[in-house]
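Below is one structure, written out as structure tokens; comments come after it.
Numbers for residues simply follow the sequence, beginning at 1.
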Amino acid sequence: MATEPSTTAMNDVQVIQVPEYFYAVDISYLTHMIADMLGRLITHNDLIPLTPSNLTRFHSRTPPNISLNDYLRRIVKYASVEKACLLVLLIYIDRVCELHPQFTISSLTVHRFLITAVTVSSKSLCDSYCTNSHYAKVGGISTQELNALELEFLRLIDWNLSSSGPVLQQYYTNLVQQHPCYEREQTVVNGSTKRRRSSAAESLPDDDDQETARHFDKLLQRDGIPYIA
């Protein structure tokens, strides 16, 4: 089973190669990258003053005792979260913040947002999913509170829950680019493998966008693919 890079490994910039496409990556690596990215976001957003106008149902009075990384790992472990459902959380954050600029992911909102987003994404993207009472138990809140958070989440995101394979792939590509401990492999035509690594500000070239779209079109025509559109 894959393990996350240790602090020592991160200090030494020991790079781990991950698959080119998100559906093939080890979920522990994906969890680690997402937790780290959210951690950086929270560090920035916690500097924003809290006012009555930006208080939401997702706010806690104080930051929960469990760390973001441990909380996300707990959700993945006990709620059997699919990779697409995990990655789409980043898309949901962008959609909510675009519609509601006053909403911020901070140390006071991230835990409730994550368990609610996982609940919603699992129902939206998966054929089978857990009950709200199970998600609530995993997340450390009551079922009644999760029910209310779910309705509020759907209102905030305007019920826009779906995402395509290429869009998920773009988020995965950017996620790997922004983490110093990972790099993405890409198989070339002759069968050899080359490493892909670029700056966080760099976007996929047009030819890569077209290649990714063709790849997911082929996947959707096959059976037994570990990806749920």
If hydrophobic clusters are built by linking Ile, Leu, Val, Met, Phe, Trp and Tyr wherever their side-chain heavy atoms come under 4.5 Å apart, do [X] and [Y] end up in the same one?
X: V96; Y: L50; value: no
X: I66; Y: V118; value: yes
X: Y78; Y: L146; value: yes
X: L38; Y: L108; value: no

State, with a plain yes or no, whether a side-chain heavy atom of C181 is found less than 4.5 Å away from one of I16.
->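 Counting from C-beta outward, C181 and I16 never come under 4.5 Å.
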Any side-chain heavy-atom pair from R112 and R57 closer than 4.5 angstrom?
-> no
[X] side chain vs [Y] backbone, donor-acceptor pair below 3.5 Å:
X: R184; Y: E20; value: yes
X: S121; Y: A117; value: yes
X: K83; Y: I27; value: no
X: N147; Y: N132; value: no
X: R74; Y: V138; value: yes
X: D36; Y: M33; value: no
X: Y92; Y: L161; value: yes
X: N45; Y: I105; value: yes
X: E183; Y: V176; value: no
X: S162; Y: S124; value: no

Salt bridge between R95 and E98, side-chain N to carboxylate O under 4.0 Å?
->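 Judged by the 4.0 Å cut-off on N to carboxylate O distance, R95 and E98 do not form a salt bridge.
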Closest approach of [X] and [Y], non-hydrogen atoms and distance?
X: L68; Y: G39; result: CD2-N, 3.7 Å
X: L156; Y: L99; result: O-CD1, 3.3 Å
X: L168; Y: S163; result: CG-OG, 3.8 Å
X: H134; Y: A79; result: NE2-CA, 4.3 Å
X: A24; Y: P19; result: O-CG, 3.4 Å
X: S53; Y: Q102; result: O-CG, 4.4 Å

Could you tell me the separation between the [atom1] atom of [X] and the [atom2] atom of [Y], rounded to the nearest 0.5 Å?
X: L86; Y: L30; atom1: CG; atom2: CG; result: 4.5 Å
X: I42; Y: M37; atom1: CD1; atom2: CE; result: 9.5 Å
X: L72; Y: H32; atom1: CG; atom2: NE2; result: 11.0 Å
X: H111; Y: F58; atom1: NE2; atom2: CZ; result: 14.5 Å
X: I34; Y: Y29; atom1: CD1; atom2: OH; result: 15.0 Å
X: L41; Y: S106; atom1: CG; atom2: OG; result: 9.0 Å

Verdict with supporting geometry, L154 and V120, side-chain contact (heavy atoms from CB on, under 4.5 Å) | CA-CA 8 Å; L154 293 171; V120 171; 4.0 Å; yes
Check whether more than 12 heavy atoms from other residues, nucleotides or ligands sit under 6.0 Å from atom [atom1] of [X], and answer yes or no.
X: H59; atom1: NE2; value: yes
X: Y129; atom1: OH; value: no
X: N65; atom1: CG; value: no
X: K123; atom1: NZ; value: yes

With F153, the ring-ring contact (aromatic ring centres under 6.0 Å, His included) member among W159, F113, F103 |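 Testing each of W159, F113, F103 against F153, the sole residue satisfying ring-ring contact (aromatic ring centres under 6.0 Å, His included) is F113.
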Start with the C-alpha gap between Y171 and D94, add the side-chain angles, then the distance that decides, and say whether side-chain contact (heavy atoms from CB on, under 4.5 Å) holds.
-> CA-CA 11 Å; Y171 272 77; D94 283 350; 2.6 Å; yes
Evaluate the criterion side-chain contact (heavy atoms from CB on, under 4.5 Å) for residue pair V18 and Y172; output intermediate values, then yes/no.
-> CA-CA 11 Å; V18 294; Y172 171 68; 3.3 Å; yes
Taking the six-membered ring for Trp, are H179 and Y182 parallel (under 30°), tilted (30 to 60°) or perpendicular (over 60°)?
-> perpendicular
Could you give me the CA-CA distance, side-chain angles and deciding distance for L149 and I141, then say whether side-chain contact (heavy atoms from CB on, under 4.5 Å) is met?
-> CA-CA 10 Å; L149 289 171; I141 58 178; 3.8 Å; yes
Under 3.5 Å, is there a donor-acceptor pair between the N69 and S67 side chains?
-> no
